Amino acid sequence: MTWGSQFLWVIYPYLILVIFLVGLYYRYQTDQFGWTAKSSEILEKKQLRVGSILFHIGIMLVLVGHIGGILIPKAWVSALGVDDHMYHLMAMSIGSVAGLMTLVGCIILVFRRLTNARVRRTSSFGDMLSIILLTLIVVAGMSATLFNMRGSVEFDYRETIGPWMRGVLAFRPDHTLMKEVPVIFKIHVILGLSLFAVFPFTRLVHMLSMPITYLKRSYVLYRKRR
């Protein structure tokens with residue numbers, strides 16, 4: 001076991017987990033009023049509308065695909081009658097569309113923050129870091145998809161990355177599973193893990209909030225002035 005392999009695939013995931021949990025607790029205790037997406041819609045709407053819709057729809061599809069592909073064992077999928085060819089065909093087609101939507105959305109949002117002076121002045125370091133990191137993650141993911149498309153033999157992440165991730169969640173990580181994983185997939189995984197480290201300190205925390213109280217709050221009454 002090399003030190004680098006041990007750090008990346010055994011130590012690093014748990015280091016990120018500690019930062020994620022401690023960061024969320026600290027943020028919630030010290031900055032509840034800042035626990036928001038901090039919408040900049042009032043500053044610019046057209047690019048935000050297109051980029052945000054593409055990004056949010058795309059990222060939800062991507063998350064569902066990743067959860068299904070990584071957390072559900074390959075044997076379970078095969079037991080349902082889905083062979084490798086069918087699975088990869090669905091993953092490539094649906095995943096490519098979802099990834100492209102997410103990537104285009106990210107590019108629009110990054111372009112908006114960099115080129116619109118009003119939006120740029122109100123953007124924090126965390127805003128820029130999170131959207132740029134998300135863009136890099138999607139680029140790496142799309143590159144991994146292209147890697148599989150052009151190869152004569154498809155790389156099956158369900159036999160390596162999937163079991164490794166489930167091992168991490170079960171506190172039994174096996175670094176040897178990541179040894180033969182192509183570099184672009186490793187980059188995608190490392191960037192994805194790194195996102196959880198910045199998550200608690202950026203606007204991304206709004207993903208963990210649901211406006212449930214709005215369902216039971218009193219109506220706001222408006223009356224005409226006499």
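Only a predicted model underlies this, so the values are computations on that prediction, with no experimental measurement involved.
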K.L.:
For a side chain to side chain contact (heavy atoms under 4.5 Å, CB included) check, start with the C-alpha distance between Arg113 and Met128, then their side-chain angles and the critical distance, and finish with the verdict.
P.N.:
CA-CA 8 Å; Arg113 288 200 174 273; Met128 295 304 303; 3.7 Å; yes
K.L.:
Is the number of heavy atoms from other residues, nucleotides or ligands within 6.0 Å of OH (Tyr12) greater than 12?
P.N.:
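Yes, enclosed.
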K.L.:
Between Arg118 and Glu44 (salt bridge meaning N to carboxylate O under 4.0 Å), is one present in this structure?
P.N.:
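Here Arg118 does not pair with Glu44 in a salt bridge, since their nearest N and O are not under 4.0 Å apart.
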K.L.:
Contact between Trp35 and His206 at the side-chain level, heavy atoms closer than 4.5 Å - yes or no?
P.N.:
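In short, these two side chains do not touch, never coming nearer than 4.5 Å.
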K.L.:
I need the minimum non-hydrogen distance between Pro13 and Leu8, along with the two atoms involved.
P.N.:
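Residues Pro13 and Leu8, closest heavy atoms: CD-O, 3.4 Å.
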K.L.:
Within this structure, what is the CG-CZ distance for the pair Leu133 and Phe199, rounded to the nearest 0.5 Å?
P.N.:
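Spacing of CG (Leu133) from CZ (Phe199) equals 12.5 Å.
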K.L.:
Of the non-hydrogen atoms in Gly99 and Val62, which two are nearest, and what is the gap between them?
P.N.:
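Smallest heavy-atom distance, with atoms named: N-CG2, 4.1 Å.
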K.L.:
What distance separates Thr145 OG1 from Ile184 CD1, expressed to the nearest 0.5 Å?
P.N.:
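If we round to the nearest 0.5 Å, Thr145:OG1 and Ile184:CD1 are 10.0 Å apart.
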K.L.:
Taking Leu169 as the starting point, is it possible to reach Ile72 by hopping between hydrophobic residues whose side chains are less than 4.5 Å apart?
P.N.:
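Hydrophobic grouping puts Ile72 with Leu169.
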K.L.:
Minimum heavy-atom separation for Cys106 and Val138, please, with both atom names.
P.N.:
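Looking at all heavy atoms of both residues, the closest pair is SG-CG2, 4.5 Å.
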K.L.:
Could you note down all residue pairs passing ring-ring contact (aromatic ring centres under 6.0 Å, His included) where residues 46-80 supplies at least one of them, sequence neighbours left out?
P.N.:
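Qualifying pairs: His66-His188.
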K.L.:
Honestly curious: do Leu136 and Leu193 fall in one hydrophobic cluster under the side-chain, below-4.5 Å linking rule?
P.N.:
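Yes.
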K.L.:
Got a second to check how far Lys46's NZ is from Glu41's CD, nearest 0.5 Å?
P.N.:
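Rounded to the nearest 0.5 Å, the NZ-CD separation comes to 13.5 Å.
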K.L.:
Would you say Arg27's side chain and Pro200's backbone share a donor-acceptor pair under 3.5 angstrom?
P.N.:
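Answer holds: yes.
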K.L.:
Kindly indicate whether the side chain of Ile59, heavy atoms from C-beta on, has any atom under 4.5 Å from the side chain of Met101.
P.N.:
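Contact flag for Ile59/Met101 side chains = no.
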K.L.:
With a 4.5 Å heavy-atom cut-off, do Val119 and Leu48 have their side chains touching?
P.N.:
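In short, these two side chains do not touch, never coming nearer than 4.5 Å.
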K.L.:
Would the distance check show the side chain of Arg166 and the main-chain N or O of Ile70 forming a donor-acceptor pair, the cut-off being under 3.5 Å?
P.N.:
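Between the backbone of Ile70 and the side chain of Arg166 there is a qualifying donor-acceptor contact (under 3.5 Å).
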K.L.:
Should Val18 and Val205 be regarded as members of a common hydrophobic cluster, given that ILVMFWY residues are connected when their side-chain heavy atoms come within less than 4.5 Å of each other, either directly or indirectly?
P.N.:
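Cluster IDs for Val18 and Val205 differ.
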K.L.:
Establish whether Leu89 and Tyr157 are linked, either directly or via other cluster members, by ILVMFWY side-chain heavy-atom contacts under 4.5 Å.
P.N.:
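No; Tyr157 is not reachable from Leu89 via cluster members.
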K.L.:
Can you tell me how far apart CG (Leu204) and CD1 (Ile131) are? Round to the nearest 0.5 Å.
P.N.:
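Here the interatomic distance stands at 8.5 Å.
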K.L.:
Look only at the side chain of Arg158 and the backbone of Lys74, and say whether a donor-acceptor pair between them is shorter than 3.5 Å.
P.N.:
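No, because the side chain of Arg158 does not come within donor-acceptor range (under 3.5 Å) of the backbone of Lys74.
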K.L.:
Distance check, rounded to the nearest 0.5 Å: Ile187 atom CD1 versus Leu191 atom CG?
P.N.:
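One gets 7.0 Å once the value is rounded to the nearest 0.5 Å.
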K.L.:
Any chain of hydrophobic side-chain contacts (each under 4.5 Å) joining Met92 to Ile94?
P.N.:
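No, it is not one cluster - the side chains of Met92 and Ile94 are not joined through contacts under 4.5 Å.
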K.L.:
Under the 3.5 angstrom rule, does the side chain of Ser40 hit a backbone N or O of Leu43 as a donor-acceptor pair?
P.N.:
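No: the side chain of Ser40 does not pair with the backbone of Leu43.
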K.L.:
Step through it carefully: locate the ring centre of Phe155, locate the ring centre of Phe185, and say whether they are under 6.0 Å apart.
P.N.:
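Close enough - the centres of the two rings lie under 6.0 Å apart.
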K.L.:
Counting only N and O atoms by type, is there a donor-acceptor contact under 3.5 Å from the side chain of Trp9 to the main-chain atoms of Met178?
P.N.:
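Checking the backbone N and O of Met178 against the side chain of Trp9, no donor-acceptor pair under 3.5 Å is found.
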K.L.:
Looking at Ile42, I want to see if its CD1 is surrounded by more than 12 non-hydrogen atoms of other residues, nucleotides or ligands under 6.0 Å.
P.N.:
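12 or below, so no.
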K.L.:
Taking all non-hydrogen atoms of both residues, which atom of Leu177 and which atom of Glu159 are closest, and how far apart?
P.N.:
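The answer is CD2-O, 4.2 Å.
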K.L.:
The criterion is side-chain hydrogen bond (donor to acceptor under 3.5 Å, both in side chains); which residues satisfy it with Gln47, sequence neighbours excluded?
P.N.:
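Listed in chain order: nothing, the list is empty.
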K.L.:
Would you check if the side chain of Arg203 reaches a backbone N or O of Ser130 as a donor-acceptor pair within less than 3.5 Å?
P.N.:
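No.
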K.L.:
Which word best sums up how the rings of Tyr14 and Phe171 line up, parallel for under 30°, tilted for 30 to 60°, or perpendicular for over 60°?
P.N.:
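Ring orientation, 0 to 90° scale: parallel.
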K.L.:
Do Thr202 and Leu129 have side chains that get closer than 4.5 Å, going by heavy atoms?
P.N.:
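No, too far: nothing below the 4.5 Å cut-off.
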K.L.:
Does any part of the side chain of Lys179, heavy atoms only, come nearer than 4.5 Å to the side chain of Thr160, both counted from C-beta?
P.N.:
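Sidechains of Lys179 and Thr160: no contact.
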K.L.:
Please check this pair: side chain of Ser93 against backbone of Met90, looking for a donor-acceptor N/O pair closer than 3.5 Å.
P.N.:
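Present.
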K.L.:
Once you round to the nearest 0.5 Å, how far does OG1 of Thr102 lie from CG of Leu134?
P.N.:
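With rounding to 0.5 Å, OG1 (Thr102) is 9.5 Å from CG (Leu134).
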K.L.:
Can you establish whether the number of heavy atoms outside Tyr28 located under 6.0 Å from its atom OH is more than 12?
P.N.:
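Incorrect, the count does not exceed 12.
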K.L.:
Which heavy atom of Leu61 sits nearest a heavy atom of Ala98, and at what distance?
P.N.:
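Answer, listing the atom of Leu61 first, then Ala98: CB-CB, 3.6 Å.
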K.L.:
Between Ser78 and Tyr87, do the side chains contain an N or O donor and an N or O acceptor separated by less than 3.5 Å?
P.N.:
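Distance-only check fails for Ser78 and Tyr87.
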